[in-house]
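Take a look at the structure set out below.
In this text, all values refer to a predicted model and were calculated from it rather than measured experimentally.
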Amino acid sequence: MSRRQLLRAAVFYAAFAAASNAFDAAVSVPSLRADEPRAAVAAFDETLLEIPDGETTEFYQKRLEVLLAEFRARPSAKPAKNKFPFVDLSPEQSELAPAIATVRLKLADDASPTQPQRDEHFRAALDILSAANDLAALRAIVAKEKADYKASPNDKSAERVAFTEQTIVNRRLVSVLQSLSKRYADRQITRRDPPTLAPEEETELRSLETEL
């Protein structure tokens, strides 16, 4: 096996190994399947998606509870026919992801919760943005934490930058694996075929190999 093949195998293995952690918080929330009946509920107040600045810890905690309750009530994405191990959010759940992540990040920067609680909120924010495939939001977090570090160097911002950048890499790797899995499921390729990458998959892996 060539050096390039070894690297590619390592990249794919890393994605599989990281996946259970990368999406744990986002997909472990109980939710109805898309094909299950749903109880009639009042229309969701869209203004709850707007997260104001400068509110109290209690305000953000209550807002998070409301958003998570709505998240659980919405149908989740159907499992892939080939039982691919990575699960994304349904469109209905993805609509809530930015607001949930924003509240989590505000609590992560709040002085009231304990440090472990703040860390948990930060990781949960990354998880749900990753499951929603919102790379722009994840990159915005990196930019914000780098700016904070530049203004006042500290271990916490450095740790957050590293953790968020790793989340972005994991998400991009998972997207390539999902693309491959879909082609297998659609019988565009079969298990007997050599592991040939589509042009966009090849481009993304080349980019990741360079970055890594």
Side-chain angles (χ1 to χ4, degrees), residues 18-81 84-110 118 120-145 160 163-179 181-182 185 204:
S20 60
N21 291 330
F23 295 107
D24 182 67
V27 301
S28 63
V29 180
S31 177
L32 296 175
R33 296 197 310 271
D35 57 348
E36 288 182 338
R38 187 181 179 192
V41 294
F44 179 68
D45 184 357
E46 298 291 334
T47 63
L48 294 175
L49 298 178
E50 301 170 5
I51 313 300
D53 295 326
E55 294 292 344
T56 64
T57 304
E58 184 180 11
F59 174 92
Y60 292 126
Q61 289 173 335
K62 288 184 176 179
R63 180 62 59 89
L64 180 61
E65 291 175 4
V66 172
L67 291 172
L68 288 179
E70 176 65 16
F71 182 94
R72 296 186 188 101
R74 295 191 176 191
S76 59
K78 288 184 177 180
K81 291 181 180 179
F84 195 63
F86 308 115
V87 180
D88 287 340
L89 303 183
S90 67
E92 294 89 347
Q93 291 173 325
S94 291
E95 182 184 8
L96 301 173
I100 292 175
T102 298
V103 176
R104 293 275 197 188
L105 291 172
K106 288 188 179 299
L107 289 169
D109 289 336
D110 194 319
R118 293 198 294 272
E120 181 180 352
H121 281 302
F122 186 81
R123 289 192 296 268
L126 299 190
D127 287 340
I128 197 165
L129 290 174
S130 181
N133 197 22
D134 195 341
L135 295 181
L138 289 170
R139 290 185 174 116
I141 293 173
V142 171
K144 185 261 184 186
E145 293 299 334
R160 287 182 173 187
F163 197 78
T164 308
E165 287 181 336
Q166 184 61 56
T167 299
I168 292 171
V169 169
N170 289 346
R171 175 66 244 188
R172 290 169 64 191
L173 286 168
V174 164
S175 293
V176 173
L177 290 170
Q178 286 175 321
S179 176
S181 178
K182 185 177 187 303
E204 180 68 340

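- Judged by distance alone, the side chain of Arg160 and the main-chain N or O of Glu145 form no donor-acceptor pair under 3.5 Å.
- Neither side chain, Arg171 nor Thr167, offers a donor N or O lying under 3.5 Å from an acceptor on the other.
- Closest of all the heavy-atom pairs between Ala97 and Leu129 is O-CD2, 4.3 Å.
- A distance of 10.0 Å separates CD in Glu70 from CD in Gln93, rounded to the nearest 0.5 Å.
- For the residue pair Leu48 and Arg63, the shortest heavy atom distance occurs at O-NH1, 3.2 Å.
- Gln61 is not listed as a side-chain neighbour of Asp110, based on a closest heavy-atom distance of 4.5 Å or more.
- Counting heavy atoms of neighbouring residues, nucleotides and ligands inside a 6.0 Å radius, atom CD of Glu58 does not exceed 12 of them.
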> Passes salt bridge (Lys or Arg N to Asp or Glu O under 4.0 Å), Glu95 versus Arg74? Steps please.
Replying inline: CA-CA 10 Å; Glu95 182 184 8; Arg74 295 191 176 191; 2.8 Å; yes

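- When side chains are defined from C-beta on, Val142 counts as touching Ile168, because their heavy atoms get closer than 4.5 Å.
- Among all heavy-atom pairs drawn from Pro75 and Ser90, the shortest one is O-OG, 2.6 Å.
- Using a 4.5 Å cut-off on side-chain heavy atoms (C-beta onward), Leu64 and His121 make contact.
- Of the inter-residue distances, the one linking Leu67 atom CG with Leu49 atom CG reads 6.5 Å to the nearest 0.5 angstrom.
- Contact annotation: the side chain of Leu138 never approaches that of Asp134 to less than 4.5 Å [non-hydrogen atoms, C-beta and beyond].
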> Could you walk me through whether Asp127 and Arg104 pass the salt bridge (Lys or Arg N to Asp or Glu O under 4.0 Å) check?
Replying inline: CA-CA 11 Å; Asp127 287 340; Arg104 293 275 197 188; over 6 Å; no

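- Once rounded to the nearest 0.5 Å, the distance linking CZ of Phe44 with CG of Leu96 reads 5.5 Å.
- Using a 4.5 Å heavy-atom cutoff, the side chains of Leu105 and Ile51 are not in contact.
- Nearest heavy atom pair, residue Tyr60 against residue Leu107, reads CB-CD2, 3.8 Å.
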